[in-house]
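Worksheet: one structure, shown below.
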Amino acid sequence: MSGVIVTNPPKADAEDVEALAGYGVATVSEAMGRTGLLGPQIRPIQQGVRVAGTAVTVLSWPGDNLMIHAAVEQCGEGDLLVVTTTSPSTDGMFGELFATALHKRGVKGVITNAGIRDTQELREMGFAAWARAVSAQGTVKATAGSVNVPVAIDGQVIRPGDVILADDDGVVVVPRERARETVERSEAREAKEASTRSAFLEGQLGLDRYNLREKLKELGVEYRTYEEYEGVRP
């Protein structure tokens, strides 16, 4: 496996990234038409943390973290490191030493389709991480890979400079060209949900707000009293 390290790729506008950080992963994914979500197996090692940043991507050989070392040099303020491997791997490719180097460069966190370790230390230093596995299994530094090339995780293509948003619900990728549009759609969705929340607090039912009673009728769902129901049971 040969590779390439791409320098200075285009990035989403910093203002749009900051704005997206104000919304949850679920809201942003819904705003994009229920797209962009990485699989539910990629989970946070901490709770109550939401980060948004521009992707620096790493394609590595399984069990080999050489290209993460190369990627650190390409990372800067406001980035999120995104690491995947050429075939499935759960080895602990990322730990506290990498986090220390990245934190110094202003990186907001790491997303990996492989394994992570030193999780207690990462939480203590406030370095956010989402991973497919937690594993103490170490790795080598022997095989070439690539940095800042398009990668795929759970069917989602992530390019360098795309926006990555991560929180307790998971991870979503926003193509850099759609960042501003997604901010606007997320804002509209939040306003709509605020209105719905207010209506629910006043006692309105979702059945009525979303006009679902007619849908139930169309689907043949019937209302029966307990006595009627007991009487027709076989």
Side-chain angles (χ1 to χ4, degrees), residues 1-18 20-21 38 42 45-46 49 51-87 89 91-119 121-133 135 137-153 156-166 171 173-176 179:
M1 174 180 174
S2 60
V4 62
I5 299 172
V6 179
T7 62
N8 300 317
K11 294 183 178 182
D13 186 86
E15 291 185 1
D16 294 336
V17 177
E18 183 178 357
L20 285 169
L38 276 59
I42 297 182
I45 66 163
Q46 67 283 308
V49 174
V51 297
T54 44
V56 172
T57 61
V58 182
L59 180 62
S60 290
W61 195 261
D64 192 310
N65 68 8
L66 172 62
M67 299 314 296
I68 300 180
H69 285 279
V72 172
E73 183 181 27
Q74 303 305 316
C75 290
E77 191 74 30
D79 286 332
L80 271 168
L81 189 67
V82 179
V83 181
T84 190
T85 53
T86 56
S87 61
S89 173
D91 293 340
M93 298 180 64
F94 186 97
E96 180 263 337
L97 291 178
F98 274 135
T100 299
L102 289 170
H103 180 74
K104 175 67 176 177
R105 302 178 75 87
V107 175
K108 295 185 174 182
V110 62
I111 313 295
T112 178
N113 196 29
I116 203 165
R117 63 183 186 176
D118 303 333
T119 55
E121 289 81 1
L122 295 184
R123 286 190 292 269
E124 289 174 350
M125 67 185 295
F127 192 86
W130 285 255
R132 185 169 296 274
S135 174
Q137 178 63 50
T139 56
V140 299
K141 303 167 181 61
T143 313
S146 293
V147 175
N148 277 336
V149 298
V151 298
I153 297 178
Q156 299 297 332
V157 175
I158 303 169
R159 300 166 307 161
D162 285 347
V163 184
I164 300 293
L165 176 67
V171 183
V173 54
V174 180
R176 56 180 182 261

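Counting begins at 1 with the first residue of the sequence. Worth saying up front: this structure is predicted, and the values here are computed from it rather than measured.
Between the CD1 atom of Ile42 and the CD atom of Gln156 there is a distance of 10.5 Å, given to the nearest 0.5 Å. Once rounded to the nearest 0.5 Å, the distance linking CG of Leu122 with OG1 of Thr100 reads 8.5 Å. Atom-to-atom distance recorded for Thr84:OG1 and Ile111:CD1 is 12.0 Å, nearest 0.5 angstrom.
Counting heavy atoms from C-beta outward, Phe127 and Leu102 have side chains that approach closer than 4.5 Å. Using a 4.5 Å heavy-atom cutoff, the side chains of Val107 and Val56 are not in contact. Residues Ile153 and Val82 have side chains in contact (heavy-atom distance under 4.5 Å, counting atoms from C-beta outward).
Judged by distance alone, the side chain of Gln74 and the main-chain N or O of Thr7 form no donor-acceptor pair under 3.5 Å. With hydrogens and angles ignored, the 3.5 Å screen pairs a side-chain donor or acceptor of Asp162 with a backbone N or O of Arg159.
Partners of Ala12 under the side chain to side chain contact (heavy atoms under 4.5 Å, CB included) rule, at least two apart in sequence or in another chain, are Val17, Thr54, Val163, Arg176, Ala179. Under the rule for a side chain to side chain contact (heavy atoms under 4.5 Å, CB included), the partners of Leu80 that lie at least two apart in sequence or sit in another chain are Val51, Lys108, Ile164. Applying the salt bridge (charged side-chain N to carboxylate O under 4.0 Å, His left out) rule to Arg117 yields no partners; only residues at least two apart in sequence or on another chain are considered. Not counting sequence neighbours, Asp118 has no partner by the side-chain hydrogen bond (donor to acceptor under 3.5 Å, both in side chains) test. For His69, the ring pair (Phe, Tyr, Trp, His ring centres under 6.0 Å) criterion is met by Phe98, not counting sequence neighbours. Here Glu18 pairs with nothing under the side-chain hydrogen bond (donor to acceptor under 3.5 Å, both in side chains) rule; sequence neighbours left out. For Thr139, the side-chain hydrogen bond (donor to acceptor under 3.5 Å, both in side chains) criterion is met by Asn65, not counting sequence neighbours. Remark: Asp91 pairs with no residue by the salt bridge (charged side-chain N to carboxylate O under 4.0 Å, His left out) rule, at least two apart or across chains. Remark: Ala70 pairs with Ile5, Met67, Val147 by the side chain to side chain contact (heavy atoms under 4.5 Å, CB included) rule, at least two apart or across chains. Qualifying side chain to side chain contact (heavy atoms under 4.5 Å, CB included) partners for Thr85, counting only residues two or more places apart in sequence or in other chains: Ser60, Pro62, Ser89, Met93, Ala114. Residues satisfying the side-chain hydrogen bond (donor to acceptor under 3.5 Å, both in side chains) criterion with Thr119, sequence neighbours excluded, are absent altogether.
Nearest heavy-atom pair, Trp130 versus Val49, reported as atom, atom and distance to 0.1 Å: CZ2-O, 3.9 Å. The heavy-atom pair separating Val58 from Ile68 by the smallest distance is CG1-N, 4.1 Å. When every heavy atom of Gly3 is checked against every heavy atom of Ser146, the shortest pair comes out as CA-OG, 3.3 Å. The heavy-atom pair separating Ala142 from Leu66 by the smallest distance is N-CB, 4.2 Å. Between Asn148 and Ala55, the closest heavy-atom pair is OD1-O, 4.3 Å.
Counting heavy-atom neighbours within 6.0 Å of Glu15 CD, excluding the residue itself, gives a total of 12 or less.
Note on residues 64-82: pairs passing salt bridge (Lys or Arg N to Asp or Glu O under 4.0 Å), not counting sequence neighbours, are Lys11-Asp79.
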